[in-house]
Amino acid sequence: MDLLQQTDELFFTRTNLDLERTSKIVRDALAGGDDGELFLEMRHAEMLAFDDGRLKTASYDQSSGFGLRAVAGEAHGYAHAGELSEAALQRAADSVSAVTKGYSGNAALAPSAGANSPLYSDQNPLNATSFDTKIKLLQEMDAYARDSDSRVKQVSASLTGSWQAVQIMRADGIRVADIRPLVRINIWVAVEQNGRMESGGAGAGGRVMLDQWLSPESWQSQVDEALRIAILNLQSVPTPAGEMEVVLGAGWPGVMLHEAVGHGLEGDFNRKGTSVFSGRVGQQVAAKGVTVIDDGTIADRRGSITVDDEGTPSRRNVLIEDGILKGYMQDRQNARLMGVDATGNGRRESYAHAPMPRMTNTYMENGDADPQEIVASMKKGIYAVNFGGGQVDITSGKFVFSAAEAYLVENGKIGAPVKGATLIGNGPDAMSKITMIGNDTKLDSGIGTCGKAGQSVPVGVGQPTVKMGGVTVGGTEAA
């Protein structure tokens, strides 16, 4: 049974909606508009948390609903309901049709025919592993962490998973469906030594089943990593402050690229002229050698989507090539208004939210430098291997990021770990200061969640080891 048949079973056979009548309501509601769609969703979600030696949280939620959108020029009408019924849909149609009333638009062409080949399983990861097996896994993670080191004082372990089925219906009768699994495993450990308490965390996930983390060699590596970071932090020294060379490690440090550059390349900000990258297609916006990709088609990755939430197939989009800005990430509305193609980046958190341009898996491609040579080339600076939170101003490009794992480097030698390091700068400026790019590109372990305008969606980030010159480092000691 293909995805459209599976979702027809969910949304029409098992509910009060009738396919033909639903199609007519959508067609009438969007008449005269430029674009729009009915987004049908069913979601199952589970979260289990083990804390302080016992199961602290166990939640399971099932939700379903729809969102109906009518687009007219720069305006759109959006109505949603957590009820799959013809009466609720008709009320929504009456609301959104106010946007198209008296408007005579040119109906946009449907997304390119068909979807990508399936990028992930359509099975429900919540049902694929028994509840008892999940609890046993959390118990084993907790016991293993405590037995690994006598300094461990607290352990928190969690499993989260969801299964989302969607169908997008357009006024022209085109329908597209997707079924998306998502899981994540997390561990956090606190250690104490000589009155000093530090912590570390690790996690992994993707659009896969949970079974790949059931073997000890899989989940133990996550616990070992969390414990390694916690113990490392016990040895950390204050961070020197000032302008210095910075090397970013491969993988998760790509979150800085995601925030400082990626958001600025989303179509809505650029159409409105509020991004530091607005109007700069074809211009040099990063150092030569810097190529940035957003790719929603990587199998099993957390940020991947077979089709986006408007029905456009996801794809591999080159955003920056050899330092030159090539284009932006687009949903359908912003793409039409800017006279370009939609790129498969129209995403929404749920049926209760309208779509907007969002990243999928965003990463920097390989360079040709050996990572060890990059570190060895540093005279004095910070080697940031892992990141915590950060903030970015899209209009100015200014960012502040905190490093979760970083080291002092002097004369090419990695020294003591530092605590409290923050990187302060401007996205385009930081990209122009890249002087070496490693040959070790990798994506993060599958833990990214991106927030924008009150909506959260799963994403992936990545990069190779990268060296930047003249970056401001915030710390607690003068350099």
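Position 1 is the first residue of the sequence, and the numbers go up from there.
- Contact check for D8 versus R175: side-chain heavy atoms found under the 4.5 Å cut-off.
- Remark: D51 pairs with K56, S156 by the side chain to side chain donor-acceptor pair (under 3.5 Å) rule, at least two apart or across chains.
- Listed by chain and residue number, F401 satisfy the ring-ring contact (aromatic ring centres under 6.0 Å, His included) test with F399 (two or more places apart in sequence, or in another chain).
- Ion pairing of D34 with R336 is present here, as a side-chain N (NZ or NE/NH1/NH2) and a carboxylate O approach within less than 4.0 Å.
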Trace of the side-chain contact (heavy atoms from CB on, under 4.5 Å) decision for L17 with F66
CA-CA 11 Å; L17 289 176; F66 70 84; 5.9 Å; no
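- A salt bridge links D429 with K433: the distance from a Lys NZ or Arg NE/NH1/NH2 to an Asp or Glu carboxylate oxygen falls below 4.0 Å.
- Every pair passing salt bridge (charged side-chain N to carboxylate O under 4.0 Å, His left out) that includes a residue from residues 290-306 is listed here, sequence neighbours excluded: R301-D444.
- Between H44 and W163, the ring-plane angle classifies as tilted under the 30° and 60° cut-offs.
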Without placing hydrogens or testing angles, list every side-chain donor-acceptor pair under 3.5 Å for residues 75-85, not counting sequence neighbours.
{"from": "Y78", "atom 1": "OH", "to": "R348", "atom 2": "NH1", "distance (Å)": "2.9"}
{"from": "Y78", "atom 1": "OH", "to": "Y351", "atom 2": "O", "distance (Å)": "2.6"}
{"from": "Y78", "atom 1": "OH", "to": "H353", "atom 2": "O", "distance (Å)": "3.0"}
{"from": "E83", "atom 1": "OE2", "to": "S85", "atom 2": "OG", "distance (Å)": "2.6"}
{"from": "S85", "atom 1": "OG", "to": "A88", "atom 2": "N", "distance (Å)": "3.2"}

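- Between K452 and D268 there is a salt bridge, since at least one side-chain N of the basic residue sits less than 4.0 Å from a carboxylate O of the acidic one.
- Sorted by first and then second residue, the pairs that involve residues 59-73 and meet salt bridge (charged side-chain N to carboxylate O under 4.0 Å, His left out), not counting sequence neighbours, are E37-R69, R69-E310.
- Within 6.0 Å of the CG atom in L19, the count of heavy atoms belonging to other residues, nucleotides or ligands exceeds 12.
- Between D309 and R180 there is a salt bridge, since at least one side-chain N of the basic residue sits less than 4.0 Å from a carboxylate O of the acidic one.
- Counting only residues at least two apart or on different chains, the salt bridge (charged side-chain N to carboxylate O under 4.0 Å, His left out) pairs with a member in residues 388-406 are R228-E405.
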